[in-house]
Amino acid sequence: MSIIKLSNVSKKYSNGTTALRNISLEIEAGEFTYIVGPSGAGKSTFIKLLYRELKIDRGSGTVAQYDLSKLRRRDIPLLRRSVGVVFQDYKLLSKKTVYENIAYAMEVIGKSPREIKKRVNEVLDLVGLKHKIRSFPNELSGGEQQRVAIARSIANAPKVLIADEPTGNLDPENSWEIMNLLEKINLQGTTILMATHNSQIVNTLKHRVIAIENGRIVRDQEEGVYGYDD
Ligand code: ADP
Ligand code: ADP
């Protein structure tokens, strides 16, 4: 069963830049897929369409059971429950503790305080940061902040986890730690889609590779390689 399906999707920004042209692809539930390609190729735009940060302007797409073109504004939170997102710059709330950052993601969808407490402890345990539960983001290293961001992204048990350059600001050791976590989350059944420039990771931890250049899919390989010099 496809958990992500795009058919002939195009995206043009209001300044006239066409960022994606005629993208069609299917991703099966449980897959781990890398999105690679040069800077400006359209990777971030592609990812933003999937969690409805941006709207598709031509073609059609579904993520989990949601039709991206038909989704009403008030239903976007439903999609976001099925899709966790992790960014290069973590995007933790600086005035909230680790506990509060994760709890907040659950509060907005109406989980009970009891459920929240249990789940926050569970996901912090998974990322190995239970001892940082009362820390603020600026008291954590970059690697730790990204692990908290991952804990937050899976708090609501999404079907899909999307990561946009999750290791982009980390040294190799911390990057591998993040990859071990994503691998573990994938093995628990979550579909993972990760945009990356990290050739070492792509060439070592083999998964499907989709390459985008100039807004088009130019390569789609099982157990693929990074394929660029940068
Ligand atoms: P990547 O993530 O692969 O670096 P992006 O999806 O960020 O690529 O960008 C794809 C193209 O769209 C580039 O030409 C970029 O300059 C352009 N672009 C990205 N965001 C915007 C925006 N908000 N407005 C106009 N053009 C944009
Ligand atoms: P790394 O080796 O991952 O870059 P750091 O040297 O930044 O890590 O941090 C090492 C340890 O010190 C981490 O456990 C982190 O939580 C803690 N730490 C870093 N900065 C601060 C800070 N400003 N206040 C409190 N603890 C901090």
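Read the numbers this way: they start at 1 and go in the same order the structure lists the ligands and their atoms.
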Of the listed options Gly40, Ala19, Gly42, Pro38, closest to atom 4 (O) of ligand 1 (non-hydrogen atoms): Gly40
Nearest-contact summary for atom 14 (O) of ligand 1 - protein heavy atom, Å: Thr17 CG2, 3.7 Å
Test item: side-chain donor near acceptor, Thr17 and Asn15, under 3.5 Å: yes
Protein heavy-atom partner closest to atom 19 (C) of ligand 1 - residue, atom, separation in Å: Tyr13 CE1, 3.4 Å
Protein non-hydrogen atom below 4.0 angstrom of atom 16 (O) of ligand 1 present: no
Part of Thr45 with heavy atoms under 4.0 Å of ligand 1, whether side chain, backbone, both or neither: both
Mutual orientation of the aromatic rings belonging to Phe32 and His207 [parallel < 30°, tilted 30-60°, perpendicular > 60°]: parallel
Per-atom contacts, ligand 1 versus Ala41 - under 4.0 Å to a heavy atom: 1 (P), 3 (O), 8 (O)
Cluster overlap Ile102 with Val108, hydrophobic side-chain contacts below 4.5 Å: no
Minimum side-chain heavy-atom gap Leu205-Tyr34 below 4.5 Å: yes
Carboxylate-amine/guanidinium proximity below 4.0 Å for Arg147 and Glu144: no
Passing option when Arg208 is tested against Glu31, Glu26, Glu28 for salt bridge (Lys or Arg N to Asp or Glu O under 4.0 Å): Glu31
For Ser39, atoms of ligand 1 separated by under 4.0 Å from a heavy atom: 4 (O)
For Ser44, atoms of ligand 1 separated by under 4.0 Å from a heavy atom: 1 (P), 2 (O), 6 (O), 7 (O)
